Every structure is written in C-alpha cells, then in structure tokens.
Q: 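One structure follows; several queries about it will come next.
Counting starts at 1 for both ligands and their atoms, following the listed order. For the numbers below, each heavy atom of this structure counts, side chains included, while hydrogens, waters and symmetry mates do not. Please read these numbers as outputs of a predicted model, since none were measured by experiment.
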Amino acid sequence: MDVIVNPTPELNGEIGALSSKNYTTRYLLAAALAEGTSTIHFPAHSEDSDAMRRCIRDLGAVLEEDDSKIVIQGFGSHPRDVRELNVGNAGAVLRFLMGVTALCPEVTFVNTYPDSLGKRPHDDLIDALGQMGVQVEHQQGRLPITIKGGEAKGGHIRVSGSVSSQYLSALLFVTPLLAEDSTIEVLNDLKSKVVIGQTLEVLEQAGIVIHASEDYMSFQVPGRQAYKPTTYTVQGDYPGSAAVLAAAAVTHSDVKILRLMEQSKQGERAIVDVLRMMEVPLTHENDIVHVQGNGRLKAIEFDGDAATDAVLAMVAAAVFAEGTSRFYNVENLRYKECDRITDYLNELRKAGANVEERQAEIIVHGRPEGVEGGVEINAHYDHRVIMALTVVGLRAKQPLRIRDAHHVAKSYPQYFDHLQALGASVEWVKE
Ligand SMILES: O=C(O)C1=C[C@@H](OP(=O)(O)O)[C@@H](O)[C@H](O)C1
Ligand SMILES: C=C(OP(=O)(O)O)C(=O)O
C-alpha cells in the first residue's frame, strides 16, 4: 500500500503516544525468562513487538492478552526445543533471541526480509556466542542463522559495540542464566550506548543483578540467577513520537502528545531538546509535549548517536530550517532497515531537499521556503524513512507518494491515523 502525503499547513489536536517498542520487546522477553506469571500493562502493538510475542510463544511462554495488558507464563531458563523462529524484520528481537537460544539445542532463524534484515550484519554477536561455546551457522554473518546452543558457558566474553548495542544487550539477557559467572568486555566503541541503560533498567526490574562499569564498557554478571515474575508498565515511545513532533515543528501547529515521560531513559527524548534548540516553541510538563509551531526553525549541530532512532525525524525538520545543520556520529544508521544515510538522503533529494552525506554524518542545507515534492518515494522497507518523508511531504509544494508505506507498521501502525487526527491530509492508496 502507498500513502499520498498532501501539503498541510496546519496541525492541531492531541494524541496519546504509542507505547515504547524497546521497552515492550524487553519486558516480553524478561517475562518469558521468568518462571511464573508476569503482567505487562500497555504493551506496544506493532510488527516488531508482535514478532517477540510470536517467538516467545514458540519457545514455550503462554500469553493471554486483553485491550490494556498481557499476562505471560514464562519458561524460565528452559525454553522449548523449537526448530525454527521467524522474527520478521525486527533486528533487536533477532539479536536478543540469538542470545537466549544459546539455551536451546538447535534453532534456525529464517530469512523473511532478504532485502532488509537479511542484509544486516550479526558477526560481532556470532563471534561472542562462539566464545561461549555456542556453534553458529550463518551466511557471512547474515540470516538464515542456526544457533546450536545447549552447552553455553559463561566466563570472559568480549563483544564489539561498534556496529550495534543490541549484541551487548543480547549477552546481558542470557548470561545471568548460565551456570558460570561472566565478565563481558566491550571492544572498540559502544554505539547507541543509552539503549544499554534501558536493558539494565529492565533487568533490574526483573530482579537480575549486573555490575556495570560507569562507561558501560565492562560488566560482571553473576550466573545461576532467576528472572522474577513481576508487573511492568510500558511508557510512551519517543522514537515514533519524534516524527509527529517534527511534523508539528515544520507546520503551523498546536499539538500535544501525552504519555511522554520527562525522566525517560530513551535517548530519543532528545527530540524535545533538539526542537527547542531549533527555536521551535514548545513545553514539556506532566508527561505532555506541547508544540506550537510557527513553521520557523533554526539549524543545529547534534551528536545523533545519543538519539539513534529519532535522527531521521530531526533531519526532516532540519530540511526546513534556516542555515546548515549537521548530525554527526551516526555511522551505525547505515546498518538499520536500510542504509539510513545513503538511501534516506537519496529520497530526501528526490523530494527537493539539499543534503550531503559523509561516512558518519548527515549535513542539511535548510530550505525555509519549502521543497518541491511531487515525486514517488521508495520506502526501502524502513518505517523511519516513511515517517520522516511524511514530515517533509506535509511542507512540500506538491504531494509526495510514499510507496509501500505499510512498512510503517514495523513500529507505528497507527502513525497515519494519528496524523489524520491532527488534521494532516494523508491517504492510503492501492498500488
Ligand atoms: O536495543 C534496542 O531495542 C534497539 C537498539 C538500537 O539499535 P543499535 O544498537 O543497533 O543502534 C535501536 O536503533 C533499535 O531501534 C532498538
Ligand atoms: C532500527 C530499528 O529497529 P531494529 O534494529 O530492532 O530492527 C528501529 O526501530 O528503528
């Protein structure tokens, strides 16, 4: 399905933020790894969170869900002996479960998105699992991947963090369940470091003890631990909300998003500070972000690694700013659902934006006068490209047609409904 985004000068109204994808995947996993009954209030519903639901069920968890909560009977440290798992296009779900299936005799992760997740690298995690005595069959570090675990051992494990933090999160989830204590040493750099804070927060809520160095480059993990069944509440999602906030920032708007915690550990809450730095009128009080956009924005410089999943939305806002913006330290955007530097900038250029790329940087020469639009956009299977190009389309002179916009459902199925509720002129069309 495609979406036509028509120029929309004004947005007004209020919406409740979608529930956090990163917390939902983590809580589902922590509940599955507990023996006993856990409850998760307000879990996210999206392709990625559904992939985690499906896989933990396949691994032996029992799930019962109503409109506001999910109740999970976990399998503890004894997942069912399953042959195959399908994570869809969900990178974090795949990596976390590659760790957990070190407890299973033999599981194959199938390749259902050859042009997206199928192209993403997992070598650093495969290498770490090898150090734990887990045999891994793979296609040059890519899917399909077979994990032959069952005999996984703790000890001294080294993992590179220079491509993704998800490899380290995967090890942090599984090592507490091993018979041996572990020391995890992070090699090279650790990208998306803030996300590790979310993993540690969830593990602590599940009663797991981990001693982390202040810089998150080394961890002591006692073995023989048990996840405790407990009750979790999922907070609002900043990465998805960032796109709606960017849309409000580039239009004349009076938009409120509810349920966005000021004290959240989500790095993408930086969207609020970034829009403030761009001189967009807004307030953030009582978990409500209130944007009163006047269409005027100022260029900024920003270390994008602090807010990985909001960078595309920030760049979309910068397309209309006065001056040149620079988003640096963003090389790992190249290893996401698509190459979020080259592929994304190609689509922005088609729409009329003036952008440049470096290996680890996005540079935006702002066009406050607007961009031309009137073209077809390739979604590259990437929900964040779809959301960001929609922001650009709202302020383009001619409509944008975003092909295969249904991939927005990877994280935010109700994105276009939310925009419509705020008055955006967006419509679904069949190909
Ligand atoms: O751990 C997680 O849930 C995630 C970590 C980040 O990935 P990287 O660590 O690969 O940057 C982020 O981009 C992704 O959407 C979710
Ligand atoms: C990169 C993302 O997700 P994942 O790595 O889990 O596929 C994302 O949600 O933007």
Q: Would Val195 count as a contact of ligand 1 if the rule is a heavy atom under 4.0 Å away?
A: yes
Q: So, regarding Gln166 and ligand 2 (criterion: nitrogen or oxygen to nitrogen or oxygen, under 3.5 Å), is there a contact or not?
A: yes
Q: Would you please determine whether Tyr335 falls within less than 4.0 Å of ligand 1 on a heavy-atom basis?
A: no
Q: Show the atoms of ligand 2 that are less than 4.0 angstrom away from any heavy atom in Arg120.
A: 4 (P), 5 (O), 7 (O)
Q: Just which atoms of ligand 2 are under 4.0 Å from any heavy atom in Lys21?
A: 2 (C), 3 (O), 4 (P), 6 (O), 8 (C), 9 (O)
Q: Flag Ala92 as yes when one of its N or O atoms lies below 3.5 Å from any N or O atom of ligand 2, and as no otherwise.
A: yes
Q: Please state which part of Ser192 comes within less than 4.0 Å of ligand 1, counting heavy atoms only: side chain, backbone, both or neither.
A: side chain
Q: What I want to find out is whether Lys153 reaches Glu180 closely enough, with some N-O distance under 4.0 Å, to be called a salt bridge.
A: no
Q: State the atoms of ligand 2, each with its element, that fall below the 4.0 Å cut-off from a heavy-atom position in His383.
A: 8 (C), 9 (O), 10 (O)
Q: Is there a heavy atom in Arg340 that sits closer than 4.0 Å to ligand 2?
A: yes
Q: Tell me, which protein residue and heavy-atom name are nearest atom 1 (O) of ligand 1, and how many Å apart are they?
A: Arg26 NH2, 2.7 Å
Q: When you measure from atom 12 (C) of ligand 1 to every protein heavy atom, which one gives the shortest distance, and what is it?
A: Asp309 OD2, 3.2 Å
Q: Is it the side chain, the backbone, both or neither of Thr199 that has a heavy atom closer than 4.0 Å to ligand 1?
A: neither
Q: Between Asp181 and Arg224, does any side-chain N to carboxylate O distance fall below 4.0 Å?
A: yes
Q: So, does Lys21 sit close enough to ligand 1 that a heavy atom of it is under 4.0 Å from the ligand?
A: yes
Q: Could you check whether His418 and Tyr412 have their ring centres less than 6.0 Å apart?
A: yes
Q: Whether Glu361 and Arg326 form a salt bridge (side-chain N of Lys/Arg under 4.0 Å from carboxylate O of Asp/Glu) is what I want to check.
A: yes
Q: What atoms of ligand 2 come within less than 4.0 Å of a heavy atom belonging to Lys410?
A: 3 (O), 4 (P), 7 (O)
Q: State plainly whether the residues Arg340 and Asp309 are in salt-bridge range, i.e. N to O under 4.0 Å.
A: yes
Q: Compare Arg340, Gln166, Arg384, His383 and give the one whose heavy atom is closest to atom 6 (C) of ligand 1.
A: Gln166
Q: Which atoms of ligand 2 have any heavy atom of Lys336 under 4.0 Å away?
A: 1 (C)
Q: Applying a heavy-atom cut-off of 4.0 Å, say which part of Ser164 lies close to ligand 1: side chain, backbone, both or neither.
A: both
Q: Salt bridge or not between Arg334 and Asp339? Use side-chain N to carboxylate O under 4.0 Å.
A: yes
Q: Look at the side chain of Ser77 and the backbone N and O of Leu177, then say whether any donor-acceptor pair between them is shorter than 3.5 Å.
A: no
Q: If you measure from the Lys or Arg side-chain nitrogens to the Asp or Glu carboxylate oxygens, is any gap between Asp2 and Arg401 under 4.0 Å?
A: yes
Q: Which part of Tyr167 is near ligand 1, with near meaning a heavy atom under 4.0 Å away: side chain, backbone, both or neither?
A: neither
